[in-house]
Amino acid sequence: MPYQAVYAASKAFLQSFSEALWAENRHRGVRVVACCPAATDTEYFEVLGNEEEARFGVKRPPSGVVDAALHALERNRLSVIVGLPWKLTALAPRFLPRATVAKISERTTRPKH
């Protein structure tokens, strides 16, 4: 993710790590779900300093993210993506060349100043 490489790499690690834990523990009664929420209404954006540039889509209430995560956990899902923009973003690399996805991401995340 251009302009947020370390953040995106951290998220990719957590996704991969969660998937591995899910697979390793699914027969032991331990449930794991990777929750990938869209913008959530927390102080996160205030800390960043420029909410409009950092946010992608409409912020969702934390309770909606928790509900989606618990729903996925109850169904022993591997992961859940909360928010339509994030679902579309996650699906794009499956249908487009990686270079195309990188270029689109760069344009949409480029700082406005």
Side-chain angles (χ1 to χ4, degrees):
M1 188 171 180
Y3 307 105
Q4 297 183 23
V6 173
Y7 174 81
S10 300
K11 294 291 186 174
F13 166 78
L14 288 172
Q15 180 75 30
S16 179
F17 184 66
S18 298
E19 290 172 1
L21 289 177
W22 178 88
E24 292 171 10
N25 293 288
R26 61 192 177 97
H27 299 296
R28 296 186 177 122
V30 176
R31 293 185 290 175
V32 176
V33 64
C35 181
C36 308
T40 306
D41 193 10
T42 67
E43 67 278 357
Y44 173 79
F45 296 103
E46 293 172 22
V47 172
L48 287 178
N50 190 341
E51 179 176 337
E52 294 305 315
E53 277 193 25
R55 185 166 36 108
F56 180 63
V58 176
K59 288 194 291 187
R60 283 155 180 67
S63 60
V65 174
V66 171
D67 289 346
L70 291 175
H71 185 77
L73 193 62
E74 288 171 1
R75 284 157 181 69
N76 201 27
R77 297 273 168 84
L78 177 64
S79 64
V80 61
I81 301 171
V82 183
L84 183 59
W86 282 135
K87 287 180 185 180
L88 296 174
T89 301
L91 289 173
R94 296 179 185 185
F95 303 105
L96 298 170
R98 293 179 68 88
T100 301
V101 172
K103 290 174 188 175
I104 292 169
S105 295
E106 190 279 327
R107 277 195 305 267
T108 59
T109 60
R110 183 183 303 146
K112 310 250 185 303
H113 57 306

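Computed from heavy atoms alone, side chains included, the values below leave out hydrogens, waters and symmetry copies. The first residue of the sequence shown is numbered 1, and numbering continues consecutively from there.
- Among all heavy-atom pairs drawn from Val33 and Ser79, the shortest one is CG2-CA, 3.7 Å.
- Panel note: side chain Thr40, backbone Thr42; no donor-acceptor pair is recorded below 3.5 Å.
- With sequence neighbours excluded, the residues satisfying side chain to side chain donor-acceptor pair (under 3.5 Å) with Glu106 are Tyr3, Arg110.
- Taking CD of Gln15 as the reference point, atom SG of Cys35 lies at 10.0 Å (rounded to 0.5 Å).
- Taking all atoms of both residues into account, the shortest heavy-atom contact from Lys87 to Ile81 is CE-O, 2.8 Å.
- Judged by distance alone, the side chain of Ser105 and the main-chain N or O of Val101 form a donor-acceptor pair under 3.5 Å.
- Note: Leu21 CG to Leu78 CG = 10.5 Å, rounded to the nearest 0.5 Å.
- Rounding to the nearest 0.5 Å places CG of Asn76 at 6.5 Å from CZ of Arg31.
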Review point. Are Val80 and His71 close enough, and set up right, to give a side chain to side chain contact (heavy atoms under 4.5 Å, CB included), and what steps lead you there?
Key: CA-CA 9 Å; Val80 61; His71 185 77; over 6 Å; no
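- Contact detail for Pro93 and Ala90: the closest heavy-atom pair is CD-O, 3.4 Å.
- The minimum heavy-atom distance between Arg60 and Leu84, with the atom names listed, is NH2-N, 3.8 Å.
- The OH atom of Tyr7 sits 9.0 Å away from the OG atom of Ser10 when rounded to the nearest 0.5 Å.
- The shortest heavy-atom contact between Ser18 and Ala34 is CB-CB, 3.6 Å.
- When side chains are defined from C-beta on, Pro62 counts as touching Asp41, because their heavy atoms get closer than 4.5 Å.
- The nearest pair of heavy atoms linking Trp22 to Val32 is CD1-O, 3.1 Å.
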